[in-house]
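In this text, all values refer to a predicted model and were calculated from it rather than measured experimentally. Order of the sequence lines sets the chain letters (A, B, ...), proteins ahead of strands, with each chain counted from 1.
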There are 2 protein chains.
Amino acid sequence: MCQLLGLNANTPTDVVFSFTGFSTRADEHKDGFGIAFFEGRGARVFVDAQSARCSPVADMVRRYPIRSRSVIAHIRKATQGGVALENTHPFQRELWGRTWVFAHNGDLKGYAPRLHASFHPVGDTDSERAFCWLMQELAKAHASLPSIAELTTTLRELVPGIAAHGSFNFMLSHGEALWAHCSTRLHWLVREHPFRAARLADEDLSVDFASVTTPADRVAVIVTEPLTRDERWQALAGGELAVFHDGARVL
Amino acid sequence: MCQLLGLNANTPTDVVFSFTGFSTRADEHKDGFGIAFFEGRGARVFVDAQSARCSPVADMVRRYPIRSRSVIAHIRKATQGGVALENTHPFQRELWGRTWVFAHNGDLKGYAPRLHASFHPVGDTDSERAFCWLMQELAKAHASLPSIAELTTTLRELVPGIAAHGSFNFMLSHGEALWAHCSTRLHWLVREHPFRAARLADEDLSVDFASVTTPADRVAVIVTEPLTRDERWQALAGGELAVFHDGARVL
């Protein structure tokens, strides 16, 4: 199975510490990695069909502190679709003049939705099919960009229809909000004032967040398996769709 | 004005030599850079709002020999739209299950096409508006992915309507073909057997292509200003739309 990492913050925040721990797990998830950063309305997605352990792209991401308010990362162990760039998460599409980014961990059996509108998969994965169907149905439900609350209502109607086909842990963002859906395994926490030190679970690396933040900063981190040993991670329940905005869990 | 670089090859080819020379020109074009690589059906776009001279992303591209059959790169000097990631070329969209990539050099005055379908700009540039309109009209003209010849016929009908608004040097690719339209300035050549050495015009660097190719390899390079001193570059005429496929100029 793959692993997911998401970050949503109230101020542009670099993800180097979390991505360093997360990409350590790529030994078991060696069939590609990807990470999407929103910066303002712009988004950039760095992907490589190599493991995040040895990829020069992942190395650049670990060295270059890109500051973003919404990040989605994925390390892949191929289940459906070959090891190829077009099958590498996160996927992206434009809707209502916004970039949307999506990554999935799980396996949807026999999932072949009717894609009759403007969103078609480039690769062969169940994940990209699910993303295209979500985009198609969001586009049908709203004529222009709705509020985060309205988007959440629509997503809560749409997601169970896909989740019924298997395991559907996913993260979705349009730069402002980040939606995280749990089928089987997803954890989250919010880092805010007073900040403390934290130690990575996977690597001998710690950071004192108090030294790199201001009291107004707030960051939500969502991940398949807890990233640190000494912070209190909460598990999402199966079927739960959590919404993060400005570094907090909302709605 | 910005500068464009395109590459179309019959075998996956690395662009390190050409991009090294091209990115030297970023001193005058410091408002961001971007480069898109197609690999199979997949595409990845590396962008940075920093100059290609000092960007860690550009540095990674110069060191990591990504092999691609179709590449489009752009260095930007902002004319319309601020210096921001969402205004950084190349732009990308999905149509008919293919990724399309577009970059533009020039300035379209008062260009506000009616965008009534599925493609809307994320940023503020005339360039992205032109790309969205081209995608919209291609989608209207063909129900599914047409041949390169059919796409070329449609593009030759559509492009003059945009070019009438100003200067419209652009490159467009869906991974197989690369279309290059010249309003004011664009040069091209084909490198094929027997390969020779070439020396960059901008930097003291030369490469002997005979040592890094096989006799079957063929690469077309298209660029605003000739990249090398000792090769025979041809200028495209104003209003010309050139099509490159498998490393050759076609149609």
Side-chain angles (χ1 to χ4, degrees), chain A residues 32 34 36-50 55-68 81-88 91-100 115 117-125 128-129 131-132 135-136 139 144-145 174-175, chain B residues 32 34 36-50 55-68 81-88 91-100 115 117-125 128-129 131-132 135-136 139 144-145 174-175:
Chain A
F37 298 90
F38 282 93
E39 291 156 82
R41 274 175 302 159
R44 47 182 160 176
V45 182
F46 297 102
V47 292
D48 209 6
Q50 291 183 52
S55 157
V57 183
D59 185 58
M60 187 268 294
V61 170
R62 278 189 296 264
R63 289 163 188 271
Y64 180 23
I66 295 175
R67 292 179 174 275
S68 169
V83 179
L85 205 62
E86 65 267 27
N87 293 334
T88 305
F91 303 103
Q92 63 179 311
R93 291 292 187 281
E94 174 262 311
L95 174 59
W96 305 308
R98 292 293 183 109
T99 299
W100 291 75
L115 297 172
S118 307
F119 301 93
H120 296 276
V122 175
D124 312 307
T125 61
E128 194 186 10
R129 285 196 292 277
F131 179 40
C132 287
M135 290 290 99
Q136 167 183 294
S144 60
L145 182 68
H174 68 335
Chain B
F37 298 89
F38 282 93
E39 291 156 81
R41 274 175 302 160
R44 48 183 160 177
V45 181
F46 297 102
V47 292
D48 209 6
Q50 292 182 52
S55 156
V57 183
D59 186 58
M60 186 268 293
V61 170
R62 278 189 297 264
R63 288 162 189 271
Y64 180 23
I66 294 175
R67 292 179 175 276
S68 169
V83 179
L85 205 61
E86 65 267 28
N87 293 333
T88 305
F91 303 103
Q92 62 179 313
R93 291 293 187 280
E94 174 262 310
L95 173 59
W96 305 307
R98 291 294 183 110
T99 300
W100 291 75
L115 298 172
S118 307
F119 302 92
H120 296 276
V122 175
D124 312 307
T125 61
E128 194 186 10
R129 286 195 293 278
F131 179 40
C132 287
M135 289 291 99
Q136 167 182 294
S144 59
L145 182 68
H174 69 333

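- Taking the side chain as every heavy atom from C-beta outward, A:Asp124 and B:Arg41 approach each other to under 4.5 Å.
- When all heavy atoms of A:Arg44 and B:Val47 are compared, the pair lying nearest together is NH1-O, 2.7 Å.
- Contact count versus chain B (heavy atoms, under 4.5 Å) is highest, among A:Trp96, A:Phe119, A:Tyr64, for A:Tyr64.
- Contact annotation for A:Val45: only backbone heavy atoms (N, CA, C, O) come within less than 4.5 Å of a heavy atom of chain B.
- A donor-acceptor pair is defined here as one N or O able to donate and one able to accept, closer than 3.5 Å; such a pair exists between the side chain of B:Glu94 and the backbone of A:His120.
- Chosen from B:Glu86, B:Glu128, B:Arg93, the residue pairing most often with chain A at heavy-atom distances under 4.5 Å is B:Glu86.
- At a 4.5 Å heavy-atom cutoff, the contact between B:Asp48 and chain A is made by backbone and side-chain atoms alike.
- Contact annotation for B:Gln92: only side-chain heavy atoms (C-beta onward) come within less than 4.5 Å of a heavy atom of chain A.
- With a 4.5 Å cut-off on non-hydrogen atoms, A:Arg98 touches chain B through its backbone but not through its side chain.
- Counting heavy-atom pairs under 4.5 Å between each of A:Ala139, A:Ser118, A:Ala84 and chain B puts A:Ser118 at the top.
- Contacts between B:Pro56 and chain A at a heavy-atom distance below 4.5 Å involve backbone atoms as well as side-chain atoms.
- At a 4.5 Å heavy-atom cutoff, A:Ala117 makes no contact with chain B through either its backbone or its side chain.
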